[in-house]
Asks: 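Please read through the structure below; I'll follow up with questions.
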Amino acid sequence: MSANAPNASIIRFVSTRGATPPTAIDDALIAGLAPDGGLYVPERIPALDAHAIESRIGAGTLAESAAAILAPYFAESRLRDALPTLCARAYDFDAPLRAMRSEHARGDDARSGDFLLELFHGPTAAFKDYAARLLAEALGALRADDAPTTTILVATSGDTGAAVAGAFHRRPGFDVVILYPDGRVSPRQAHGLECWGDNVRTFRVAGTFDDCQRMAKTALADTDLRRARSLTSANSISLGRLLPQVAYYAHTAAAFRRAHGEALNLIVPTGNLGNAAAAFLAKRMGLPIGEIVLATNANDVLPRYFDGGDYAPEATKATLANAMDVGAPSNFERLRHWHRDDAELRGALRAWSVSDATIREVIADAPARHGIVACPHTACGLHALHRIRDAGDTRPWAVVATAHPAKFETIVEPLVGHAVSPPPALADCLARPAHGETLAASDEALRAKLLARA
Ligand SMILES: *Cc1c(COP(=O)(O)O)cnc(C)c1O
């Protein structure tokens, strides 16, 4: 009995496609994607009891909550004992929950309030910093000293590349290669991708995001190249990008219930469904999260599905909320895996699509209506909040602010009528010189660059 007890608590990872044997966390983190092409999911979701939540989560720092919520997954990891230290280094900035001004709230009664969960206080001013930084800490700690340099190849439509570059910048044993579509990200997003240098190479590709993604996939599938350069990816479906995001939801929801005696409801601006999948995982682990609502831009594959239509991925439409321009949300496979059938999944979430015209209106009204400046992604979430309030819902809701508005200055500033200054970390990055190189949108061009690296 006692000999078996430790094993009973160990969680292995399986694939959403069912053809990968249960895999230990360290191997799943390094692999990122399951060998059968599916996404890694925990073979069971550990449920924390009320006492564990009450005593260990949301009472201290975000880093302490992160170590507590992630511990069950790391029970057999080589990183188990180092986890608190790795979390302290990765989550060294806050995820504050701020009360917004609202027409709806009764006085200052938080139980019916409107909140903003600000996930943009990291080095590249978007929520992807949290996961990219813990992934970098974990892969750095798992790496053998004599292992060849690993090259992390990222195709990005904006924020992922910057977060991964920032997280691995100057980290021994790693190079980062970023591909982004020239002219399709905001000027400050572009600078955020190009401000690194050293072990980070950034290519402005003369093509679309889909070209970048195809080039990265071709390179990653090229056995010779993989061997020569020890290539890997760090995209939004990697297990190491999903798990760390559970931390800020757990921390926020536990602290909210401690303060207000109630579950917090969440509105998550959504593209690939990675951030929302983490919110869902936090809820399943027993955290006091009420309802989860998804807000998409004009790419409305998810709203149509949750309204009862088929899941029908389509070509990506370019919108003002460019980090959510996704026509085939890759983490959908995880959500489906966690539910018995479509009916159960449709019952678990609601989703609304927001047009560019509405995004503009919401950004323009947000200073007077809520006392905040919103980025285009956060604006999609605010619109969902307005619909919820219009329907008479009086529960506490938090809109997840996925990026700082200063990152999208060319959209936001004309609408609010004043300059929006970048937060300090982003200002640092903008003050550094850019190191980008241009690249043709061809697989051969990328291959040559990767092989030429000294
Ligand atoms: C990546 C991103 C999103 C979408 O997140 P998903 O996990 O892909 O759903 C939303 N807003 C911003 C600012 C982002 O960078």
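No experiment lies behind these values; they were computed from the predicted model shown. Counting starts at 1 for both ligands and their atoms, in listed order.
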Asks: Under the ring pair (Phe, Tyr, Trp, His ring centres under 6.0 Å) rule, what pairs show up with a residue in residues 185-210, not counting sequence neighbours?
Replies: His169-Trp196
Asks: Is the ring pair Phe332/Tyr311 parallel, tilted or perpendicular, if the boundaries are 30 and 60 degrees?
Replies: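 Rings of Phe332 and Tyr311: parallel, as their planes differ by under 30°.
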Asks: Could you list the residues that satisfy salt bridge (Lys or Arg N to Asp or Glu O under 4.0 Å) with Asp27, not counting sequence neighbours?
Replies: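 By the salt bridge (Lys or Arg N to Asp or Glu O under 4.0 Å) rule, Asp27 matches no residue at all.
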Asks: Please tabulate, one line per pair, the protein nitrogen or oxygen atoms found under 3.5 angstrom from a nitrogen or oxygen of ligand 1, with distances to 0.1 Å, or say none if there are no such pairs.
Replies:
residue  : atom   : partner : partner atom : Å
ligand 1 : 7 (O)  : Gly274  : N            : 3.1
ligand 1 : 7 (O)  : Asn275  : N            : 2.9
ligand 1 : 8 (O)  : Asn272  : N            : 2.8
ligand 1 : 9 (O)  : Gly271  : N            : 2.8
ligand 1 : 9 (O)  : Asn272  : N            : 3.2
ligand 1 : 9 (O)  : Leu273  : N            : 2.9
ligand 1 : 11 (N) : Thr402  : OG1          : 2.8
ligand 1 : 15 (O) : Lys128  : NZ           : 2.5
ligand 1 : 15 (O) : Asp159  : OD2          : 2.6

Asks: Cation over ring, Arg346 on Tyr305, under 6.0 Å and within 45°?
Replies: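 Ring-cation test returns yes.
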Asks: Are Phe93 and His121 an aromatic pair, judged by ring center distance below 6.0 Å?
Replies: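 That pair fails the under 6.0 Å test.
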Asks: Trp338: what forms a ring pair (Phe, Tyr, Trp, His ring centres under 6.0 Å) with it, not counting sequence neighbours?
Replies: Phe280
